[in-house]
Amino acid sequence: MNSHATDSIEQERRARIILDRAYDAFVEIDINNAIVDWNTRAELTFGWKREEVLGKLLSDLIVPKRHREAQRKDLENFQSQATKKNTISNKQIEFIALCRDGKEFAAEMTVFPVDTGRTINLGAFIRNISGHKIAEQAMSESEEIFRLLVSEVSDYAIIMLDPHGVVKTWNEGARQIEGYTTNEIVGQHFSCFYTSEDKATDKPKQMLESAIKYGRYEEDGQRIRKDGSQFLANIVVNPIYDRHGKLMGFANVTRDIDKGKMANRHFHRLLELAPDAMVVINQLGNIILVNSETENIFGYSKDELLGLKVDKLIPDHSKFLMPHRKRSRSKGLELYALRKDGTEFPVEISLTPLETEQGLLISTAIRDITERKQFKDDLSKQKELFQVILDSLADGVIVADTQGKFLVINRAAKSMTGIDYIDVPIDEWSEKYGFHLADTTTFYPPQDLPLVRAMRGETVIEQEMFIRNANLPLGAWLSVNGAPIEIEEGAGKVGVIVFRDITRHKLTEQKNAQLAAIVESTDDTITSSNLDGTIINWNNAATRMFGYSEEEAIGQSDSIIVPADRLEEETAVIDELITEKERTKRYETVRETKEGDLIPVSLTISPIRNQVGQVIGLSKITRDITENKKAEYTQLALAEELKRSNAELAQFASVVSHDLQEPLRGIAGCLQIIEENYKGKGDGKVDKLVRHAIDGALRLHALIGDLLSLSRVATKEITLQTTDLSVVLDRVLSNLEIPIKESQAIIIRDALPVLAVDSTYLGQLFQNLISNAIKFRADRRPEIHIGAKCENEQWLFFVKDNGIGFKQEFTDRIFLPFNRLHTRDKYPGTGIGLAICKRIVERHNGNIWAESEDGRGATFYFTINVPKGNYD
């Protein structure tokens, strides 16, 4: 094989490799429209293998039937031209292509002649342009909607300038802020908005040059309206380039700063909530500021990010830190970023140089573009700009066509309504999104919804409606403005609504109405005055109490109802209230009626403050306490009488018990002498009678003693002292040593606290409960458990035994005097011991109760309430 043949084969092999690696499908056909070549991309694009298509007609394989004849004629025409004069060169045609599986797509074919040496064939590169077509259509629709919305924005002047600064477009906001109509200003140079001083220094031209140089220009400065008046404005100028980098003009956005202060605060709050990661870098490449989204995207905490080298996030960071970029603004850099876990993802980065006292900083906005990596064209940029503007608004914005299809929904609208780009029949809007009438329960008739009215061509002004849905479970009030907008002449209309949440305003109105109703209907006198004492509010109750009508009182000094001897008292109280910054002052005093009568009152004075906390007036609530005073005097008299009666009763009980016990001791003594001297010497019945009399005298003596103890517990003042109750229990167990040994009782005791109690009474309480546990024992060795625990700032004590117990239904009876559940013969006693226990516990502000099961023992519980911190 000679060298020429070898070179030919090698060239053909290289050509084949190039064709198979091409991004476009390549097809070659002969003069009969038959396929003679078919590359790998053609196989992937149309689904046919190369060996399957060779020799077949191209039109029959890749063109739908309805277009085949026209396509075949075009190819024959190209073939004829190429054969005769080789007149075609890279001819481009658009057509509908057909895949093997029947799917169709928009395609672009670039046709050129191929000279084989024997014949002239046709070669064609075929490209799928369906995405491009969709993007073009979407771009057109998006641009139109954006234009319409911008034209309706009233808070910002949004102006488009040509490369020389001549006004090309003028929106509603510009008309309201600057004063010119569209016809008056379009075609004029934008320097007419500047002061004569700015024009003299050629400032408008310098602004445009600075915007081109740095990618953006912003300042706060004076602007001139049509009427000659000046206002302080925030001015932002951005250059606009086409896809080839040619300057198309400038976007000039002007905002009245005074009107925009509230919006500016809201805008700064939204920056933290922005979907982009915001990173500020110093000249060394160290991160000095980030927002929350940076943490979300990269997986680092804010503390980890601050001070970190930016190359940890963006390895190829040199592309935007190069010296020649330091002074320019860069947008849309596409790089790859690294998360903390090492995963790589594509990002789009926007950069802005910041001149600060610390030197030049770079502000970086980083967006994850994984999902839209393949969709970087003018459409996405336009939509992004459009949505950022809308989402920066606190008001909701919704645009829908006459068929009810949602075209535009901003973040605030989604947040409030839950509406998204999903087709929902208009008749279902109210129930789906929770729109209600003013009664807050009846669904809004769909045909009367503001958006539906706007779609019909009506203008809606501040229409109020109530909304309650999953996004707003408590509901909210909206104020809605709407209007129809014609997309283009003859192409129909869309409805646009702008709404804001007025819930706080509505609630304030309702609250004010309720307060007014309460003030007028209450029985308490409610008045208010300035700091100089001038009455400014006077309710019906004030008229009833003091006799002055509202017309007579308002404007007068409040001294008309203050007795002369009380004027200094009120002045001192008010001065103290203001200087000590207290919320209210309550005290009892006297007020004077129109007729001169004096009324004892309870007075509450509260300061009225302005938004900065300065006291500007006083609110007073006055209540007539005449009846309270009478009741108080009566109660004091009754308390004094009761105290005297209790003292007399205690003295009487002491005297009676002493006077009764002395004769009883004498009777019992005599009977005991008779029993000792004469027992067994007479009739046995006499001995029984004597013994019975002795027992009766001794029981009566014990009963009188217990009654005296009960009386003393009820009337004697208790003495609270810090007491170790474990020591008290030691003393009680020592007193009961003999019955404990006789019964062989097992005593289990827990640690007891140190409390402020009356130790004598607490000792008596423990002794009565433990004695009962020993006395009412079963036919087994007694076990008695004494313990305590702290619960809710009180101590709960218990004495638990394994004795005979009792039925739970009798638990209330056992604490009453003289109530016994067993006969005296089997279990002796007076029946007063538990009543004494109850009185002791109640004197300590506690409760006592018992839980038991017949035959299985009983547990007695009691609580001792103590002041907070007064226990160990």
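What's counted below: heavy atoms across the whole structure, side chains too, no hydrogens, waters or symmetry copies. What you are looking at is a predicted structure, and each value in this text was computed from that prediction instead of being measured.
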Side chain proximity check, [X] to [Y], heavy atoms < 4.5 angstrom:
{"X": "I467", "Y": "H436", "answer": "no"}
{"X": "I748", "Y": "I784", "answer": "no"}
{"X": "I608", "Y": "V615", "answer": "no"}
{"X": "L769", "Y": "L834", "answer": "yes"}
{"X": "L762", "Y": "T723", "answer": "no"}
{"X": "K775", "Y": "R777", "answer": "no"}
{"X": "L603", "Y": "K585", "answer": "no"}
{"X": "R586", "Y": "S602", "answer": "no"}

[X] and [Y]: which non-hydrogen atoms are nearest, and at how many Å?
{"X": "L752", "Y": "D724", "value": "O-OD1, 4.2 Å"}
{"X": "A778", "Y": "N802", "value": "CB-O, 4.2 Å"}
{"X": "I526", "Y": "I621", "value": "CG1-CG1, 4.3 Å"}
{"X": "S852", "Y": "G805", "value": "OG-CA, 3.3 Å"}
{"X": "A541", "Y": "D524", "value": "CB-O, 3.2 Å"}
{"X": "V754", "Y": "T722", "value": "CG1-CG2, 3.4 Å"}

* Could I get the full list of side-chain hydrogen bond (donor to acceptor under 3.5 Å, both in side chains) partners for E737, not counting sequence neighbours? => K741

Is a side-chain donor or acceptor of [X] paired with a backbone partner of [Y] at a separation under 3.5 angstrom?
{"X": "S557", "Y": "S559", "answer": "yes"}
{"X": "S549", "Y": "E552", "answer": "yes"}
{"X": "R468", "Y": "T440", "answer": "yes"}
{"X": "S528", "Y": "I536", "answer": "no"}
{"X": "T534", "Y": "N530", "answer": "no"}
{"X": "T543", "Y": "G547", "answer": "no"}

* Look at the rings of Y548 and W538 and say which category their plane angle falls in: under 30° parallel, 30 to 60° tilted, over 60° perpendicular. => perpendicular

* To do: Just say parallel, tilted or perpendicular for the rings of W849 and Y861, cut-offs at 30° and 60°.
  => parallel

Considering only NZ, NE, NH1 and NH2 on the basic side and carboxylate oxygens on the acidic side, decide whether [X] and [Y] come within less than 4.0 Å.
{"X": "E783", "Y": "R781", "value": "no"}
{"X": "K807", "Y": "E853", "value": "no"}
{"X": "D758", "Y": "R843", "value": "no"}
{"X": "R749", "Y": "D730", "value": "yes"}
{"X": "R591", "Y": "E570", "value": "yes"}

In Å, rounded to the nearest 0.5 Å, how long is the span from [atom1] of [X] to [atom2] of [Y]?
{"X": "I502", "Y": "R504", "atom1": "CD1", "atom2": "CZ", "answer": "13.0 Å"}
{"X": "Q721", "Y": "L755", "atom1": "CD", "atom2": "CG", "answer": "13.5 Å"}
{"X": "R856", "Y": "F806", "atom1": "CZ", "atom2": "CZ", "answer": "15.0 Å"}
{"X": "E576", "Y": "I605", "atom1": "CD", "atom2": "CD1", "answer": "10.5 Å"}
{"X": "I804", "Y": "F776", "atom1": "CD1", "atom2": "CZ", "answer": "6.0 Å"}
{"X": "D303", "Y": "E295", "atom1": "CG", "atom2": "CD", "answer": "8.0 Å"}

* Can you name the one residue among D558, T525, T527, T604 that meets side chain to side chain donor-acceptor pair (under 3.5 Å) with K620? -> D558

Taking atom types as modelled, find out whether [X] and [Y] have a side-chain donor-acceptor pair closer than 3.5 angstrom.
{"X": "T589", "Y": "E569", "result": "yes"}
{"X": "W795", "Y": "T863", "result": "no"}
{"X": "D801", "Y": "H785", "result": "no"}
{"X": "T503", "Y": "D501", "result": "yes"}

* Give the C-alpha distance, both sets of side-chain angles, the deciding distance and a yes or no for side-chain contact (heavy atoms from CB on, under 4.5 Å) between V601 and R623. => CA-CA 5 Å; V601 299; R623 178 172 293 179; over 6 Å; no

* Give the C-alpha distance, both sets of side-chain angles, the deciding distance and a yes or no for side-chain contact (heavy atoms from CB on, under 4.5 Å) between L736 and S771. => CA-CA 8 Å; L736 297 174; S771 296; 3.4 Å; yes

* **For E568, salt bridge (charged side-chain N to carboxylate O under 4.0 Å, His left out) partners two or more places apart** => none

* Mark yes when over 12 heavy atoms from residues, nucleotides or ligands other than R780 sit less than 6.0 Å from its CZ; otherwise mark no. => yes

* **ring pair (Phe, Tyr, Trp, His ring centres under 6.0 Å) involving F862 - partner list, sequence neighbours excluded** => F766, F797

* Could you walk me through whether E592 and I561 pass side-chain contact (heavy atoms from CB on, under 4.5 Å), step by step? => CA-CA 5 Å; E592 186 175 356; I561 60 173; 5.7 Å; no

* Derivation and outcome, side-chain contact (heavy atoms from CB on, under 4.5 Å), residues I774 and I740 -> CA-CA 7 Å; I774 296 173; I740 290 173; 3.7 Å; yes

